[in-house]
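What follows is a single structure, written as structure tokens, with notes after it.
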Amino acid sequence: MQGLGVIAALVTVQFLEVGLNTMVKAAMSRGMSNYIFVVYSNALAIFVLLLASIIYYRKRSLPPLKFSIVFRIFVLGSLSCSVQTFMYTGIGYSSPTLASAVIDLMPAFTFILAIISRMEKLDLRFQSSLAKCIGTIVSIAGALVVTLYKGLPITSASSPDSRQPNEVLLSPKSNWVIGGCLLATGSFCLAVLFIFQTLIIRDYPSELMVTLICSIFVTIQSASIALFAEKDPAAWRLRLDTELITICYSALFVIATRSVIVAWACRKKGPVYVALFSPLGMVIAVVMGVSFLGDTLYLGSVIGAVVIALGFYAVIWGQAQEDKTIENRGICSLESSSPNVPLLQNKNLDF
């Protein structure tokens with residue numbers, strides 16, 4: 001039941017993330033600054049997380065907070081600030097569909113970093129490890145196809161555009177190359193964040209408090225970046241339209257809810273398991289992007305998505321085989337340690 005709960009929670013996270021990406025794109029098309037958006041959404045999330053922490057820890061003891069933990073959360077906040085800045089800027093250059101496609105790089109990055117940090121073991125003599133390696137390479141190739149190749153349009157946008165795909169690719173309003181590079185950088189930072197967050201949560205098992213302190217650091221850091229990057233003082237004014245709705249949605253459902261769920265799932269299942277759910281966002285993003293934003297669906301996106309899916313399922317299969325092997329070893333170890341094993345009984349008779 002606990003495993004089903006983690007799966008349901010991570011699927012919900014994908015819906016929340018894609019919903020935010022769609023809303024961010026709509027708000028940015030109306031003039032919202034991505035830098036100021038990060039500041040306001042994290043600042044509002046602080047109050048949500050503070051209220052939730054007061055209610056949750058009212059009758060529970062909070063683990064002692066050491067300076068070393070606070071410093072590690074500060075580094076985690078820097079990673080989170082980088083992820084949000086890269087991702088939202090990349091969405092502004094491209095679309096939520098491309099964001100959900102390139103985020104599929106994140107499981108590959110997470111897998112590589114988990115091996116480096118020894119959270120995952122790699123032995124190419126086994127089919128499971130070989131499948132995970134091949135799946136990782138295939139996922140990266142698929143993401144590059146989505147990023148660098150658009151191809152012919154399959155569906156028409158709501159506002160017809162007679163320009164050729166290559167002209168759209170070079171257009172400053174829809175620069176998919178720059179957007180793809182920013183999104184890929186954000187995906188790598190997110191993979192590092194998952195690894196680092198898992199290490200923190202295992203030493204300090206309090207997801208709410210870690211997320212709260214992290215949001216405080218992100219607000220401070222993002223405000224410094226926004227003051228430097230955003231030259232127009234009028235951009236700080238909140239408008240009672242899509243911008244305010246997007247900020248509230250991000251603070252409540254993404255920064256607060258999603259961050260706590262992901263931290264909890266990383267502690268339960270590990271960062272690689274959590275990262276493997278990100279390709280689900282591609283399917284959701286395509287439907288929402290075409291349906292609500294009028295995005296054009298290109299052949300390159302379809303080809304890249306298929307390649308990514310093949311790599312994703314190869315990694316999933318390898319992970320399942322490794323879990324089955326570990327489970328079988330655990331059963332064999334339990335049986336061999338049982339006092340009813342004849343070999344152990346004969347050994348006792350010798351004494």
Of all the heavy-atom pairs spanning [X] and [Y], show the shortest one and how long it is.
| X | Y | result |
| --- | --- | --- |
| C214 | I73 | N-CG2, 3.6 Å |
| F86 | L182 | CB-O, 3.6 Å |
| G77 | F217 | CA-CB, 4.5 Å |
| G19 | Y249 | CA-OH, 4.0 Å |
| P64 | Y204 | O-CE1, 3.3 Å |
| S187 | M106 | O-CG, 3.5 Å |

Item checked: Among L76, L113, I201, the one residue meeting side-chain contact (heavy atoms from CB on, under 4.5 Å) with F196 ->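 Single pass found, and it is L76.
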Check: Between the side chain of S259 and the main-chain N/O of A256, is any donor-acceptor distance below 3.5 Å?
Finding: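 A pair under 3.5 Å: no.
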Note to self: Donor-acceptor check, side chain of S250 to backbone of T246, threshold 3.5 angstrom: yes or no?
What the structure shows: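 No, S250 side chain to T246 backbone: no donor-acceptor pair under 3.5 Å.
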With a 4.5 Å cut-off on side-chain heavy-atom distances among I, L, V, M, F, W and Y, is there a chain of contacts connecting [X] to [Y]?
| X | Y | answer |
| --- | --- | --- |
| I213 | F71 | yes |
| L238 | F47 | no |
| M23 | L240 | yes |
| W236 | L244 | yes |
| L44 | L51 | no |

Margin query: Could you list the cluster mates of I255? Members are the ILVMFWY residues connected by side-chain heavy atoms closer than 4.5 Å, either directly or through other members.
Written below: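 Members other than I255 - counting any ILVMFWY side chain reachable under 4.5 Å - there are none.
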Notebook entry, point to check: Which residues, ordered by chain and number, are linked to Y35 in its hydrophobic cluster, where ILVMFWY side chains connect at heavy-atom gaps below 4.5 Å, directly or through other members?
Noted result: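 Its cluster partners, ordered by chain and number, are I225.
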How long is the gap from [atom1] on [X] to [atom2] on [Y], to the nearest 0.5 Å?
| X | Y | atom1 | atom2 | result |
| --- | --- | --- | --- | --- |
| I200 | C266 | CD1 | SG | 11.0 Å |
| L10 | Q14 | CG | CD | 7.5 Å |
| L183 | T89 | CG | OG1 | 9.0 Å |
| C133 | L130 | SG | CG | 6.5 Å |
| F37 | T85 | CZ | OG1 | 11.0 Å |
| T110 | F188 | OG1 | CZ | 9.5 Å |

May I ask you to test the [X]-[Y] pair for a side-chain heavy-atom distance under 4.5 Å?
| X | Y | result |
| --- | --- | --- |
| F194 | V262 | yes |
| I54 | L50 | yes |
| T219 | Y40 | no |

Checklist line | Summary of salt bridge (charged side-chain N to carboxylate O under 4.0 Å, His left out) pairs that have at least one residue in residues 46-55, sequence neighbours excluded | finding: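 Salt bridge (charged side-chain N to carboxylate O under 4.0 Å, His left out) check on residues 46-55 returns no pairs.
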Check: Under the side-chain hydrogen bond (donor to acceptor under 3.5 Å, both in side chains) test, which residues partner S82, sequence neighbours left out?
Finding: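 S82 satisfies side-chain hydrogen bond (donor to acceptor under 3.5 Å, both in side chains) with no residue once adjacent residues are dropped.
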Next item on the list: List in chain and number order the residues that pass side-chain hydrogen bond (donor to acceptor under 3.5 Å, both in side chains) with Y56, two or more places apart in sequence or in another chain; answer none if no residue qualifies.
Entry: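 So Y56 forms no side-chain hydrogen bond (donor to acceptor under 3.5 Å, both in side chains) with any residue.
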Check: Do the charged groups of E17 and R258 touch, with an N to O distance under 4.0 Å?
Finding: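 So E17 pairs with R258 through a salt bridge.
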Item checked: side-chain contact (heavy atoms from CB on, under 4.5 Å) assessment of I116 paired with F111 -> CA-CA 9 Å; I116 296 175; F111 177 61; over 6 Å; no
Item checked: Test salt bridge (Lys or Arg N to Asp or Glu O under 4.0 Å) applied to E243 and R30, step by step -> CA-CA 8 Å; E243 180 178 354; R30 291 173 171 82; over 6 Å; no
Next item on the list: Take F109 and V192 through the test side-chain contact (heavy atoms from CB on, under 4.5 Å) and record every step on the way to the result.
Entry: CA-CA 8 Å; F109 288 142; V192 177; over 6 Å; no
Next item on the list: Kindly indicate, with the supporting measurements, whether the criterion side-chain contact (heavy atoms from CB on, under 4.5 Å) is fulfilled by M209 and L62.
Entry: CA-CA 9 Å; M209 189 55 60; L62 188 66; 3.7 Å; yes
Notebook entry, point to check: Taking it one step at a time, do L20 and F253 satisfy side-chain contact (heavy atoms from CB on, under 4.5 Å)?
Noted result: CA-CA 9 Å; L20 176 65; F253 295 108; over 6 Å; no
Next item on the list: Could you tell me whether Y57 atom OH has more than 12 heavy atoms of other residues or ligands within 6.0 Å of it?
Entry: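 More than 12 heavy atoms, drawn from other residues, nucleotides or ligands, come within 6.0 Å of this atom.
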Check: Distance only, no hydrogens: is a donor on one side chain within 3.5 Å (strictly under) of an acceptor on the other, for Q84 and N42?
Finding: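 N42 and Q84 do have a side-chain donor-acceptor pair below 3.5 Å.
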Next item on the list: Among residues two or more places apart or on two chains, list those pairs meeting side-chain hydrogen bond (donor to acceptor under 3.5 Å, both in side chains) that have a residue in residues 220-230.
Entry: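 For residues 220-230, and leaving out neighbouring residues, the side-chain hydrogen bond (donor to acceptor under 3.5 Å, both in side chains) pairs sorted by first residue read S33-E230, S78-Q221.
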